[in-house]
Amino acid sequence: ARTPGASRSGAAAPALSLAGTGSLKGTLRGTLGAPTLDATVDLTPAAVGYGTAFTKKAGVPFTLAARTTSGQAGQATPIIEVDPLTLTLHTLTVTAKGRIANPASPVLDLALRSNEAKLAGWDALVPALVGTTLAGRATLEATVRGPATDPAALDLAGTVRLTGVEAGH
């Protein structure tokens, strides 16, 4: 058995930290068997960190907006239709569309697409990049399919396009 907070290797998982305020707005409509959710979480005013891998200062854009509908496929499998789920962080906006089957043990079938994100300033969010000057832009188009409970079994396919990239130290 794993200790809560431990990774599969047994090492302690990085700590998620949140300091400051944020907001949550949402609307739930429909029937109990087929609800529709529109929700937005805005953590732009908050500082957010994930161990030593990620540090977002207060004021850097960080939002998650979701529009979902729920129902069933066939007779019994619950389905969440995502149209869309949009994550904005700093200069990057990634939109996911698709479905999540069996939310208790989720199976993903999602298409991801990003804006043309500016790379400048990401060194302030990713400590490993401190001292590196980045320029240029990046876009992402990808699909994610498979069981979310087993990341090794996920089928990830996609393209990252880099334009005018420059890096200096």
Side-chain angles (χ1 to χ4, degrees), residues 7-8 13-14 16 18 21-51 53-56 59-122 124-126 129 134 136-165:
S7 69
R8 289 179 190 257
L16 180 64
L18 177 64
T21 61
S23 64
L24 169 64
K25 297 178 187 176
T27 304
L28 185 61
R29 293 187 293 271
T31 65
L32 188 58
T36 299
L37 172 68
D38 289 309
T40 301
V41 176
D42 185 355
L43 293 176
T44 300
V48 180
Y50 186 67
F54 173 79
T55 305
K56 184 201 84 69
V60 174
F62 190 18
T63 60
L64 180 65
R67 176 172 291 147
T68 66
T69 56
S70 298
Q72 292 186 339
Q75 293 291 323
T77 303
I79 297 285
I80 298 173
E81 294 286 343
V82 177
D83 191 15
L85 176 73
T86 304
L87 172 71
T88 299
L89 176 60
H90 185 44
T91 60
L92 176 68
T93 299
V94 177
T95 300
K97 293 183 180 184
R99 64 176 31 195
I100 302 167
N102 190 19
S105 184
V107 177
L108 308 176
D109 184 4
L110 300 172
L112 308 173
R113 175 170 277 170
S114 79
N115 66 328
E116 189 175 52
K118 293 179 183 177
L119 298 177
W122 279 91
L125 283 91
V126 181
L129 296 175
L134 293 175
R137 296 176 181 268
T139 59
L140 168 72
E141 288 186 31
T143 57
V144 180
R145 294 185 174 105
T149 56
D150 184 3
L154 282 173
D155 179 17
L156 305 174
T159 303
V160 175
R161 288 185 180 83
L162 302 172
T163 307
V165 173

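The structure presented is a predicted model; accordingly, all values stated were derived computationally and were not measured.
- Shown here are the side chain to side chain contact (heavy atoms under 4.5 Å, CB included) partners of Arg161, two or more places apart in sequence or in another chain: Thr139, Glu141, Thr159.
- The closest side-chain heavy-atom distance from Thr55 to Tyr50 is not below 4.5 Å.
- In this view, Thr44 and Asp42 satisfy the side-chain hydrogen bond (donor to acceptor under 3.5 Å, both in side chains) rule, not counting sequence neighbours.
- In this view, Ser105 and Asn102, Thr149 satisfy the side chain to side chain contact (heavy atoms under 4.5 Å, CB included) rule, not counting sequence neighbours.
- Residues satisfying the side chain to side chain contact (heavy atoms under 4.5 Å, CB included) test with Ala157, not counting sequence neighbours, are Thr143.
- A side-chain donor-acceptor contact under 3.5 Å links Lys56 to the backbone of Leu43.
- With sequence neighbours left out, Ala148 forms a side chain to side chain contact (heavy atoms under 4.5 Å, CB included) with Pro106, Leu108.
- The CZ atom of Arg99 sits 9.0 Å away from atom OG1 of Thr69, with the distance rounded to the nearest 0.5 Å.
- The CG atom of Leu37 sits 9.0 Å away from the CD1 atom of Ile80 when rounded to the nearest 0.5 Å.
- Inter-residue side-chain proximity for Leu89 and Leu125 is flagged as met; some heavy-atom pair is nearer than 4.5 Å.
- Surrounding CZ of Arg137 are more than 12 heavy atoms belonging to other residues, nucleotides or ligands, all under 6.0 Å away.
- Legend: salt bridge (Lys or Arg N to Asp or Glu O under 4.0 Å) pairs involving residues 23-35, not counting sequence neighbours, sorted by first then second residue: Arg29-Asp38.
- Here CZ of Arg67 is found 12.0 Å from CG of Leu85. Values are rounded to the nearest 0.5 Å.
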Using atom types as modelled, flag every donor-acceptor pair under 3.5 Å from a side chain in residues 91-98 to any protein atom, sequence neighbours excluded.
{"residue": "Thr91", "atom": "OG1", "partner": "Lys118", "partner atom": "O", "Å": "2.5"}
{"residue": "Thr91", "atom": "OG1", "partner": "Trp122", "partner atom": "NE1", "Å": "3.1"}
{"residue": "Thr93", "atom": "OG1", "partner": "Thr88", "partner atom": "OG1", "Å": "3.2"}

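- Counting only residues at least two apart or on different chains, the salt bridge (Lys or Arg N to Asp or Glu O under 4.0 Å) pairs with a member in residues 103-112 are Asp109-Arg145.
- Considering every non-hydrogen atom in both Leu154 and Pro147, the closest pair reads CD2-O, 3.5 Å.
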